Amino acid sequence: MYRAPRGTTDILPDEQVYWSFIRQKAYEISVLYGYRRVDTPAFEDAGLFVRSIGEDTDIVEKETYTFDDRSGDKLTLRPEGTASICRAYIEHGMHTLPQPVRLYYDAAIFRYERPQAGRYRQHHQYGVEALGEGDPALDAEVIDMAWQFYANLGLKGLSPILNSIGCSVCRPTYLNSLMEYYTKHRNAVCSDCRRRLERNPLRLLDCKKPSCVPLTEQAPRSTDHLCPDCSDHFSRLSSYLRLLNLPFVTNHRLVRGLDYYTKTVFEIAPEREESAQATVGAGGRYDDLIEQLGGRPTPGIGFATGIERLILNMKKQKIIVPQSAEPFVFVAHISQQAKDEAMKLASLLRRSGISVIPSLGDRSLKAQLKQANSMGANKAVIIGEDEAKSGTVVLRDMAKGEQNIVPRDVVVETLRKTYHRFVLVENRITCAIMKVG
RNA sequence: GUGGGCGUAGCCUAGUGGUUAAGGCACCAGGUUGUGGCCCUGGAGAUCGAGGGUUCGAAUCCCUCCGCUCACCCCA
């Protein structure tokens with residue numbers, strides 16, 4: 001038997017209410033903050049991600065889905081969203097647009113990892129990128145936008161965590177003092193940390209092992225080693241966030257797993273983290289990235305949020321999403337002649353913008369109504385031999401359990417009048433047709 | 001890649017050495033004429049994750065593999 005590949009999942013109809021709700025809120029807030037949608041390919045030239053995320057990061061080293069296509073091109077399924085957006089910015093000459101260019105995306109992300117609660121090999125991220133402006137006010141905008149987005153979803157108890165990891169000017173000296181410090185304590189740290197010391201010193205700060213935590217507390221802080229530019233940026237960002245009443249906290253141990261970040265990094269996570277993969281969203285500034293990818297020097301800042309984790313948190317907080325159960329009519333029939341009439345009527349109703357589920361097969365009326373009931377039909381149209389002969393139908397209200405006989409040629413009108421929500425469906429369809437026309 | 005927990009019908013669960021593996025939900029059909037929700041009756045649906053071993057006898061004990069799950073690493 002075939003199953004969905006490891007770490008992937010089917011999003012079944014009952015789950016879709018969360019997805020459409022979250023996406024609707026994401027699109028709303030994007031418009032509100034002036035961001036426009038970009039869709040990029042699910043795969044890119046493998047080199048793009050090596051260049052942007054960094055050769056020595058876990059993502060590139062062991063988590064990418066990379067393959068050669070039939071022409072021998074080396075491609076990678078995107079393991080994050082930012083690199084593709086930057087590539088598109090360069091490729092389409094967006095530096096000629098008014099800066100910053102505000103973009104958003106909603107895309108599937110692929111990482112080869114061991115699946116776990118809130119972690120998948122294919123997951124989905126909604127993210128925004130603002131390119132071409134280095135003003136900390138823009139950092140504040142992005143963080144504020146993320147914060148408002150979560151508030152609009154009804155999520156509570158989240159906290160933005162902020163840090164600055166400096167830039168190409170000041171980070172090297174900071175890393176030196178960090179490595180100096182840890183080299184001195186080399187024998188006191190765990191084996192993971194000794195490996196981090198070689199590969200990715202910033203991550204040393206992130207170790208949660210009780211034996212290492214005291215050392216991380218006393219370790220040199222990036223914010224104490226910022227150059228005047230970065231230091232100024234960080235303090236101005238902080239004051240903008242206070243201005244906007246964002247209840248952020250700073251944490252000198254917050255680092256990120258991608259090499260391209262400069263200055264601002266942030267995460268938004270539940271305050272009391274029960275399970276491990278609690279972070280719902282994260283982002284930061286990447287002022288050197290576009291230049292690294294071959295564009296002219298262009299600062300940028302972005303943010304991404306994992307939709308699966310949002311749903312996880314929404315369920316945990318028992319947030320009820322609006323159920324938009326579309327009303328529909330069930331069309332039942334008794335006898336072959338009646339079935340012909342039922343098929344014709346179902347088609348007519350659908351063309352008139354009314355949702356219809358026709359009964360299939362030749363089952364007893366009882367069985368048909370039972371199905372209509374369990375499917376949640378609002379109305380049932382019943383056509384039997386008598387109705388087929390006399391050109392009428394039985395129109396039954398499923399909730400009230402009342403019914404009456406209606407001439408067939410007024411069924412559409414009657415349904416419109418007695419059930420105004422159907423008209424909404426019709427309007428929507430009409431609007432779509434007008435746009436196309 | 002490392003470690004823990006768990007695999008009995010579509011879903012949830014009982015059964016821990018002894019007849020044809022039990023129940024609930026869901027599904028299908030009936031409960032006299034063409035009417036749903038409640039109730040009653042019946043039906044279908046499981047090579048007990050797979051393979052091997054121990055035993056007169058294995059869902060049950062042992063081994064291997066696979067899958068799911070949680071955690072570490074890392075990340076949304």
Side-chain angles (χ1 to χ4, degrees), chain A residues 1-9 12 14 22 53 56-63 78-82 106-127 146 150 190-193 195-196 199-200 202-203 206-209 255-258 266-270 274-283 302-313 330 332-335 338 359 361 363-388 394-403 405:
Chain A
M1 190 176 76
Y2 291 111
R3 311 165 132 268
R6 176 156 225 216
T8 69
T9 178
L12 299 174
D14 284 348
I22 290 170
I53 298 166
D56 295 330
T57 57
D58 276 23
I59 291 181
V60 164
E61 231 171 46
K62 53 183 199 189
E63 294 176 3
R78 69 174 152 237
E80 62 106 36
T82 303
D106 168 20
I109 302 290
F110 306 88
R111 283 180 207 165
Y112 184 86
E113 299 178 274
R114 287 288 285 269
Q116 185 180 333
R119 188 160 79 190
Y120 306 90
R121 290 185 172 179
Q122 176 180 342
H123 75 278
H124 299 79
Q125 291 184 7
Y126 159 65
Y150 296 135
C190 66
S191 57
D192 278 339
C193 279
R195 209 178 57 241
R196 290 184 182 110
R199 292 189 48 234
N200 195 349
L202 275 182
R203 289 239 79 91
D206 211 21
C207 190
K208 289 144 208 128
K209 291 223 167 61
V255 295
R256 313 253 50 244
L258 298 88
F266 65 95
E267 270 183 21
I268 299 182
E274 288 155 16
S275 69
Q277 281 68 234
T279 302
V280 292
F303 161 81
T305 192
I307 298 183
E308 282 84 354
R309 287 196 187 169
L310 288 177
I311 295 174
L312 212 64
N313 277 276
F330 188 90
H333 47 77
I334 317 144
S335 91
S359 179
R363 306 205 292 160
S364 68
L365 181 59
K366 177 179 174 147
Q368 294 180 62
L369 284 177
K370 195 172 173 170
Q371 185 185 4
N373 182 61
S374 59
M375 291 178 89
N378 307 71
K379 303 272 186 186
V381 166
I382 303 164
I383 305 178
E385 275 175 286
D386 297 349
E387 290 78 14
V394 172
L395 184 56
R396 182 174 180 82
D397 183 301
M398 293 301 287
K400 290 187 192 143
E402 295 164 1
Q403 64 185 36
I405 297 169

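Residue numbers start from 1 in every chain, and the chains themselves are labelled A, B, ... in the order their sequence lines are given, proteins ahead of strands. Worth saying up front: this structure is predicted, and the values here are computed from it rather than measured.
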Undergrad: Which value, in whole Å, describes the distance between the P atoms of nucleotides A9(B) and G45(B)?
TA: 15 Å
Undergrad: Look at the side-chain N and O atoms of Gln116(A) and state whether any lies under 4.0 Å from the OP1 or OP2 oxygen of C72(B).
TA: yes
Undergrad: For Tyr150(A) and Phe303(A), take the angle between the two ring planes, folded into 0 to 90°, and tell me which bin it lands in: parallel under 30, tilted 30 to 60, perpendicular over 60.
TA: perpendicular
Undergrad: Answer with yes or no whether Gln403(A) presents, from its side chain, a donor or acceptor under 3.5 Å of a partner atom in the base of U35(B).
TA: yes
Undergrad: Given A71(B), is OP1 or OP2 found less than 4.0 Å from the side-chain N or O atoms of Arg114(A)?
TA: no
Undergrad: Using the C1' atom in both, what is the distance from U33(B) to G37(B), to the nearest Å?
TA: 22 Å
Undergrad: What residues form a side-chain contact (heavy atoms from CB on, under 4.5 Å) with Val394(A), not counting sequence neighbours?
TA: Ile382(A), Glu387(A), Gln403(A), Ile405(A)
Undergrad: With sugar-phosphate meaning primed atoms plus P, OP1 and OP2, does Arg196(A) contact a base, only sugar-phosphate, or nothing at under 4.0 Å between heavy atoms?
TA: sugar-phosphate
Undergrad: Who are the side-chain contact (heavy atoms from CB on, under 4.5 Å) partners of Glu308(A), not counting sequence neighbours?
TA: Trp19(A), Tyr120(A), His123(A), His124(A)
Undergrad: Base, sugar-phosphate or nothing for Arg256(A)? Non-hydrogen atoms, less than 4.0 Å.
TA: sugar-phosphate
Undergrad: Ignoring hydrogens and angles, answer whether the base of G34(B) and the side-chain atoms of Glu387(A) contain a donor-acceptor pair closer than 3.5 Å.
TA: yes
Undergrad: What interatomic distance, in whole Å, is found between P of G67(B) and the corresponding atom of G31(B)?
TA: 49 Å
Undergrad: Could a donor-acceptor pair under 3.5 angstrom be found where the side chain of Arg309(A) meets the base of C75(B)?
TA: yes
Undergrad: Output one line per pair: protein atom, nucleotide atom from nucleotides 38-46 of chain B, and distance, for all N/O pairs under 3.5 Å.
TA:
none

Undergrad: By side-chain hydrogen bond (donor to acceptor under 3.5 Å, both in side chains), which residues pair with Gln371(A), not counting sequence neighbours?
TA: Arg363(A)
Undergrad: So, using salt bridge (charged side-chain N to carboxylate O under 4.0 Å, His left out) as the criterion, who are the partners of Lys370(A) when residues are at least two apart?
TA: none
Undergrad: Sticking with atom C1', work out how far A59(B) lies from C6(B), rounded to a whole angstrom.
TA: 15 Å
Undergrad: What residues form a side-chain hydrogen bond (donor to acceptor under 3.5 Å, both in side chains) with Arg6(A), not counting sequence neighbours?
TA: none
Undergrad: Side chain of Asn373(A), heavy atoms from C-beta onward: which of U2(B), G37(B), A76(B) has the nearest atom to it?
TA: G37(B)
Undergrad: Closest nucleotide of RNA chain B for Arg3(A) versus for Ala304(A): which of these residues is on the 5' side?
TA: Arg3(A)
Undergrad: Suppose you measure atom C1' in A71(B) against the same atom in C12(B); what distance do you get, rounded to whole Å?
TA: 26 Å
